[in-house]
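Computed from a prediction, not measured in an experiment: that's the story for all the values here.
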Amino acid sequence: MGAVREKVTKGALPSRRAQTRDLAVVRGGGQVNRIATLMREHGKLLAWTGMAVVLIFGGIAFARSSAFALGTVEVSGCEKLTPAEVERTVRQNTQGTVLTMSLSDVRKNLETVTRIRRATVTRVLPDTIRVMVEERKQAVLARIEGRSEMAWLDEDGVVLGNYDKSTDGLPPVIATGFASDQTEAGREENRQRIKIYRNLMWVLDSAEPKFAGQLESVDLSDPNDVRVQLTKPQIVIELGGEDYRARLVQAMDVVGALQTNNSAALSRLQITDQRLIEKASRLVFVSAVNPAQITLRFDGEVAASETRPAVRPQSAPQGTPQAARGNATSRPSSVPSRAGRR
């Protein structure tokens with residue numbers, strides 16, 4: 001009986017060696033399955049990564065290909081500059097192809113050119129760069145501290161170049177008293193002077209008669225004490241810091257009466273000293289800052305004042321409102337006559 005049980009038992013249960021072998025097979029199969037699963041999952045990731053790398057490098061190679069090499073530079077907006085000058089600046093300061101170059105860098109390089117105030121740059125694939133420039137415009141011809149020649153400035157106070165009689169022709173009303181443009185403080189002062197100058201020119205020509213054409217220069221050394229010099233006769237008229245046109249009208253009335261020896265006109269202007277007519281040819285300075293008092297200075301004499309009623313001429317557009325101050329001493333002017341340069 002015992003032998004039968006032992007035989008049955010041996011036939012029913014696998015040996016320990018067989019169990020160990022079977023367990024190893026099971027474990028090995030599970031590990032293989034896990035490895036296969038991981039390979040399938042990571043294989044997809046690797047495949048996508050590989051495709052991305054290929055696309056990136058392929059795109060870079062494509063963008064750098066000769067198909068996008070810079071071919072044409074289209075330029076518009078030029079007046080003083082020539083399109084060729086603008087194109088040369090673009091080509092000298094660009095790197096890469098039309099597809100890879102930095103448009104911002106191209107724009108910044110263009111705006112370092114003195115004549116270019118603003119530039120707009122766009123790309124037109126496959127091989128064209130389109131540039132539209134806004135040039136700086138001459139706003140005033142000025143004498144600037146530290147410069148021996150008269151220079152053109154734009155409305156931002158940027159020096160555009162020296163005056164050239166052969167190309168620029170007869171100069172406009174010259175502005176004097178400008179600070180050096182070598183410091184930011186000086187440039188800011190000059191920007192304010194340019195605003196006053198442009199406002200003054202507009203005011204003087206805003207009604208009839210127009211006066212800007214009768215001026216030789218405008219002295220803006222002190223923006224609160226604007227002075228103008230007539231072309232003929234070369235008399236300096238002090239206007240202060242406001243009411244430019246009204247004050248110039250008053251001064252011109254006096255100058256006209258003296259120049260024409262018109263005693264009746266002087267009487268109407270409440271100027272009673274008839275001896276002034278005898279010295280009219282030596283008149284060098286008129287101050288009209290005080291509407292009730294005209295101050296005159298003759299060559300070689302101390303300034304004399306003539307009191308008159310505080311009657312303003314017909315209203316007209318006024319200048320920049322600033323505190324009016326000044327004295328009866330004319331600031332020297334080294335500006336040659338425009339009439340003499342005709």
Side-chain angles (χ1 to χ4, degrees), residues 139-143 171-179 189-259 269-271 283-299 303-335 337-338:
V140 58
L141 181 60
R143 288 201 179 278
V173 180
I174 300 167
T176 66
F178 275 60
E189 289 180 17
N190 290 343
R191 282 191 284 270
Q192 296 304 313
R193 289 183 172 95
I194 291 170
K195 289 180 181 179
I196 295 173
Y197 173 91
R198 298 183 72 181
N199 180 62
L200 172 66
M201 293 298 102
W202 180 82
V203 167
L204 296 186
D205 279 353
S206 62
E208 294 293 341
K210 299 182 185 298
F211 290 109
Q214 301 181 45
L215 303 184
E216 175 71 28
S217 63
V218 177
D219 187 350
L220 297 167
S221 302
D222 181 354
N224 293 322
D225 185 21
V226 176
R227 301 183 181 193
V228 300
Q229 183 181 38
L230 302 180
T231 299
K232 189 177 181 180
Q234 291 192 324
I235 297 171
V236 173
I237 299 177
E238 183 182 34
L239 302 178
E242 60 183 1
D243 294 337
Y244 299 137
R245 183 178 175 87
R247 292 174 179 179
L248 184 60
V249 168
Q250 288 182 331
M252 293 291 280
D253 286 344
V254 173
V255 171
L258 288 174
Q259 292 294 318
L269 294 169
Q270 304 299 316
I271 295 178
L283 181 66
V284 294
F285 177 81
V286 179
S287 175
V289 173
N290 186 346
Q293 181 174 307
I294 293 293
T295 300
L296 308 176
R297 185 163 70 85
F298 297 87
D299 188 22
S305 298
E306 287 290 333
T307 303
R308 56 183 301 198
V311 178
R312 293 179 179 271
Q314 186 176 359
S315 61
Q318 304 301 306
T320 305
Q322 297 175 1
R325 65 183 179 85
N327 51 54
T329 303
S330 172
R331 289 191 287 262
S333 173
S334 59
V335 181
S337 170
R338 284 201 298 154

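- Contact detail for Leu200 and Val228: the closest heavy-atom pair is CD2-CG1, 4.1 Å.
- Side-chain N or O atoms of Thr231 include one that pairs as donor or acceptor with a backbone N or O of Leu215 at under 3.5 Å.
- Every residue meeting the side-chain hydrogen bond (donor to acceptor under 3.5 Å, both in side chains) condition with Arg191, not counting sequence neighbours, appears here in chain and number order: Glu184, Glu188.
- Considering all non-hydrogen atoms of both residues, Tyr244 and Ile196 come closest at OH-CG2, 3.7 Å.
- Formation of a donor-acceptor pair under 3.5 Å by the Arg247 side chain with backbone atoms of Glu242 is found in this model.
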- Task: I would like to know whether Met252 and Leu230 meet side-chain contact (heavy atoms from CB on, under 4.5 Å); could you show each step before the answer?
- Result: CA-CA 10 Å; Met252 293 291 280; Leu230 302 180; 3.8 Å; yes
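- For the pair Phe298 and Val284, the tightest heavy-atom approach, listed with the atom from each and the gap, is C-CG2, 4.0 Å.
- Nearest heavy-atom pair across Pro172 and Leu141 is CD-CD2, 4.0 Å.
- Counting only distance, with no hydrogens or angles, the side chain of Arg245 and the backbone of Leu204 share a donor-acceptor pair below 3.5 Å.
- Heavy atoms only, all atoms of each residue included: Asp219 and Gly177 are closest at OD1-CA, 4.4 Å.
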- Query: Checking side-chain contact (heavy atoms from CB on, under 4.5 Å) for the pair Met201/Val218: CA distance, chi angles, key distance, verdict?
  - Reply: CA-CA 10 Å; Met201 293 298 102; Val218 177; 3.8 Å; yes
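- Shown here for Ala212 and Val173, the closest heavy-atom pair between the two residues is O-CG2, 3.4 Å.
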